[in-house]
Every structure is written in C-alpha cells, then in structure tokens.
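These numbers come from a predicted model, not from an experiment. Numbering of residues begins at 1 and proceeds along the displayed sequence.
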Amino acid sequence: GMLKAAHVVRFHAWRALEHAKAPIWEATWNGVHRKCGGDEKFPAYDDFLGSAKDIYRHLQGELLAAENTRHLEYLCTEELWPVVRAAGADYELVRRQFGKEGCRISWKSTEAFVCSLAAPGEHEAGDG
C-alpha cells in the first residue's frame, strides 16, 4: 500500500533529479574527456553510458542465471567483487525454483547516469 507508493514516488523523484543533472555531468565529462586526450585516451560520454548499460545488463543476467560467477571477477574491482559474488549467491533459490533457462531478464529499458567523475590518476594521487 503506502510503502510501495512511497517507494515508487522516491524512485521517480530520484530519476527526475538525475535527468535534470545529466547536462551538468555531460559538460563536466566532456571537459575531462578533452583534458585527458580525447577519444584515444578517455571514452566519450555517450559511449561510456552505452557501455555501462551493456555491462549492467550482462552482469545482471549472469548473476541471475549462472550457478558459478567466478568468470565475472575480472569485470570487478577488488572492493566490488565480494558484493557481486554475494549477489550471485542470493539468486540461488530463484535458479533452483525456475531452473537456469527460466532465469532470464526481459529488458524493456535501462537508463545510465554519471554520479561521480575524476580524471584518471586523480584518485590514486590523492591517496599517497
């Protein structure tokens, strides 16, 4: 009832906010893109978001259907891998109930947003 309605309202409010911020992120991204050497050194904004959607869909599909997710480790940072591995394990009951073939996502749409950005090397330089 009310909890579900609140969740839906919160989701759409977040989505509207991210759409409103997108032009600012795109302009910032384009500045970093130029600073870092253009297409040869740093992905274009639309290319990055397209790839982010592709990898998200692939990862979600594999987590849902694959009994062993070890083949996904190379896609993850050291910090992210335990979370991804745990998510794959969380789907075990679903795989058992519906079978591997019954565990497919039928995507209708996927939206990607940039929520943070640093030039390559800035994060590591700040850690030292």
**Q** Is Val8 reachable from Trp14 through a run of I, L, V, M, F, W or Y residues, each pair having side-chain heavy atoms under 4.5 Å apart?
**A** no

**Q** For Phe113, I'd like to know if atom CZ has over 12 heavy atoms of other residues, nucleotides or ligands within 6.0 Å.
**A** yes

**Q** Between Tyr56 and Val83, is there a shared hydrophobic cluster once you connect ILVMFWY residues whose side-chain heavy atoms come closer than 4.5 Å?
**A** yes

**Q** Going hydrophobic residue to hydrophobic residue with side-chain gaps under 4.5 angstrom, can you get from Leu64 over to Leu93?
**A** no

**Q** Quick check: is Leu63 connected to Phe98 through a chain of hydrophobic side chains (ILVMFWY, heavy atoms under 4.5 Å apart)?
**A** yes

**Q** If you measure from the Lys or Arg side-chain nitrogens to the Asp or Glu carboxylate oxygens, is any gap between Arg15 and Glu111 under 4.0 Å?
**A** yes

**Q** Rounded to the nearest 0.5 Å, how far does CG of Leu49 lie from OG1 of Thr110?
**A** 12.0 Å

**Q** Are there over 12 heavy-atom neighbours, none belonging to Tyr74, within less than 6.0 Å of that residue's OH?
**A** no

**Q** Roughly how far apart are Trp81 CH2 and Leu75 CG, rounded to 0.5 Å?
**A** 9.0 Å

**Q** Taking 4.0 angstrom as the limit, do Arg95 and Glu92 come out as a salt bridge?
**A** no

**Q** Report whether Trp29 and Ile55 are members of the same hydrophobic cluster (ILVMFWY, side-chain heavy atoms less than 4.5 Å apart, transitive linking).
**A** no

**Q** Just verifying a value: how many Å separate His33 NE2 and Asp39 CG, rounded to the nearest 0.5 Å?
**A** 4.0 Å

**Q** Could you state the interatomic distance from SG (Cys115) to CD (Glu18), rounded to the nearest 0.5 Å?
**A** 4.5 Å

**Q** Is the CD atom of Glu67 crowded by more than 12 outside heavy atoms at less than 6.0 Å?
**A** no

**Q** Search all heavy atoms of Ile105 against all heavy atoms of Gly61 and return the closest pair with its distance.
**A** CD1-N, 4.1 Å

